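Quick caveat: nothing in here was measured; it's all calculated off a predicted structure. Lettering of chains follows the sequences in order, A, B, ..., and the numbering in each one begins at 1.
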Number of protein chains: 2
Amino acid sequence: MGKIKIPIKKLEIPNKRQVCFSKRMMGIFKKASELSIMCGAEIAIIVYSPAGKAFTFGSPDIDFVVDKYQNIPVHINDEKVQKSWRSEQKYNFILRELDPEKKHIEMLKRQERSKQADLW
Amino acid sequence: MGKIKIPIKKLEIPNKRQVCFSKRMMGIFKKASELSIMCGAEIAIIVYSPAGKAFTFGSPDIDFVVDKYQNIPVHINDEKVQKSWRSEQKYNFILRELDPEKKHIEMLKRQERSKQADLW
DNA sequence: TTGCCTATGTATAAGTG
DNA sequence: TCACTTATACATAGGCA
């Protein structure tokens, strides 16, 4: 997405990594903001920079969404709600080095998997 | 980002909202994956669809990052680490209806604010 | 619908001063 | 280095089969 194509792999030059991190993180936060506005979604994002510094984004609020995710009980008789009750769909995929064509196909397949109407 | 420009505001047509949510969420997850690979960042994303269904993305792992964020104690003498110890930088901004020019300026200002070298 | 296409809007890598 | 621009790659809204 710039003047030249950058392969999706670890940037070894610290300055480039820093600039790239800054720009892309803001890009992601912006997109998350748009998603929450346009679709009424609730979103929490936690990012640790390579240096270990944390940045967060939340809509309506980071802790509201994180607590909801962790099923923290809303003070109902001291009863603990277990984490295992969660039923969310996880995406832990890592983008491998693929040529653009295969990359596109893989992304479309992921969309397909997640588009089963009953999930929404 | 499509054939026509869509204002960043709530989509009222349910089908459009669903399709937009699906496409954009996958886009955000893809970008998050790229950020973690290219910059070595740790990322956790939790999204609740308008219907209340949860989707998550994590690198290296959603719970690893979320637990780190919440400073969950690693079993050190039963001592509780308080949430208030956190020192992350929060972005709870909401993108308002701005003309593209002002929007661009606002984004640059955010980048600027977050670009102080000692934070990284 | 559902899966895919493509025209166009956006994000961003490198350039510039 | 920094603030800003620009060329290019990428994401996506609506179209279509």
Side-chain angles (χ1 to χ4, degrees), chain A residues 1-39 41 45 47 57 91 93 95 97-120, chain B residues 1-39 41 45 47 57 91 93 95 97-120:
Chain A
M1 281 147 166
K3 294 204 175 171
I4 67 166
K5 182 189 172 95
I6 297 290
I8 303 301
K9 57 188 300 187
K10 185 163 165 43
L11 297 169
E12 300 295 349
I13 300 165
N15 182 54
K16 280 200 175 182
R17 197 165 58 233
Q18 180 185 80
V19 172
C20 179
F21 178 78
S22 171
K23 286 187 175 180
R24 281 170 171 267
M25 193 189 66
M26 291 315 300
I28 289 172
F29 283 8
K30 182 164 180 286
K31 293 229 168 232
S33 172
E34 291 175 356
L35 182 65
S36 74
I37 292 169
M38 297 175 77
C39 306
I45 303 182
V47 182
F57 170 84
Y91 293 85
F93 60 85
L95 295 176
E97 281 298 322
L98 298 172
D99 62 83
E101 194 183 359
K102 287 190 177 177
K103 225 170 194 169
H104 187 57
I105 289 170
E106 185 178 272
M107 189 180 173
L108 289 170
K109 282 184 181 170
R110 279 202 301 275
Q111 287 184 353
E112 186 180 357
R113 252 182 276 134
S114 66
K115 214 182 281 177
Q116 305 156 50
D118 61 309
L119 291 177
W120 311 86
Chain B
M1 273 155 168
K3 295 206 175 171
I4 67 167
K5 183 190 172 96
I6 297 289
I8 304 301
K9 57 188 298 188
K10 186 162 166 41
L11 296 171
E12 299 296 348
I13 300 165
N15 182 55
K16 279 200 176 182
R17 198 163 60 231
Q18 179 187 82
V19 172
C20 179
F21 177 79
S22 171
K23 286 186 175 181
R24 281 170 170 265
M25 193 188 65
M26 290 315 299
I28 289 172
F29 283 8
K30 181 163 181 284
K31 292 229 167 231
S33 172
E34 292 175 355
L35 183 65
S36 74
I37 292 170
M38 297 175 75
C39 306
I45 304 181
V47 182
F57 170 84
Y91 293 85
F93 61 86
L95 294 177
E97 282 298 322
L98 299 171
D99 61 83
E101 194 183 359
K102 287 190 178 178
K103 225 170 193 169
H104 187 57
I105 289 170
E106 187 178 270
M107 190 180 172
L108 289 170
K109 282 184 181 170
R110 279 201 303 273
Q111 288 183 353
E112 187 180 357
R113 250 181 278 132
S114 65
K115 215 182 280 175
Q116 304 156 52
D118 62 309
L119 292 176
W120 311 87

Checklist outcome for this item: Result for 5'-nearest mapping on DNA chain C, choosing between B:I6 and B:M38, is B:I6
Checklist outcome for this item: Rounded to whole Å, CZ of B:F29 lies from C1' of D:dC10 at a distance of 19 Å
Item to check | Nearest atoms (heavy-atom pairs only) where B:V47 meets A:A41 | outcome: CG1-CB, 4.3 Å
Which atoms of nucleotides 15-17 of chain D (N or O only) lie under 3.5 Å from a protein N or O atom, and what are those distances?
none

Item to check | Minimum-distance nucleotide (side-chain atoms of B:K16 versus C:dA13, D:dA13, D:dG14) | outcome: D:dG14
Checklist entry - Between B:I8 (CD1) and C:dT10 (C1'), how many Å, whole number? => result 10 Å
Item to check | A:F29 side chain near A:M25 side chain, heavy-atom distance below 4.5 Å | outcome: yes
Next on the checklist: Do B:I37 and B:E34 make a side-chain contact, defined as non-hydrogen atoms from C-beta onward lying under 4.5 Å apart?
Outcome noted: no
Item to check | Under 3.5 Å: donor-acceptor pair, side chain of A:S22, backbone of A:V19 | outcome: no
Checklist entry - Whole Å only: how far is the CD1 atom of A:I13 from the C1' atom of D:dT1? => result 17 Å
Next on the checklist: Output the rounded distance in Å from CG (A:N15) to P (C:dG15).
Outcome noted: 13 Å
Item to check | Candidates C:dA11, D:dA9, C:dG9 - which lies nearest the side chain of A:K5 | outcome: D:dA9
Next on the checklist: Within this structure, what is the NZ-CE distance for the pair A:K10 and B:M38, rounded to the nearest 0.5 Å?
Outcome noted: 11.0 Å
Checklist entry - NZ/B:K31 to CD1/A:I28 distance, rounded to the nearest 0.5 angstrom? => result 7.5 Å
Next on the checklist: Can you measure B:F21 atom CZ to D:dA11 atom C1' for me and round it to whole angstrom units?
Outcome noted: 17 Å
Checklist outcome for this item: From NZ of B:K30 across to C1' of D:dA11 the rounded distance in Å is 8 Å
Item to check | First encountered from the 5' end of DNA chain D, between B:G2 and A:I4 | outcome: A:I4
Checklist outcome for this item: In short, A:L35 meets B:C20 closest at the heavy-atom pair CD1-O, 4.5 Å
Checklist entry - For A:M26 and C:dA11, what is the distance between atoms CE and C1' respectively, to the nearest whole Å? => result 13 Å
Next on the checklist: Rounding to an integer number of Å, can you tell me how far B:M25 CE sits from D:dT12 P?
Outcome noted: 11 Å
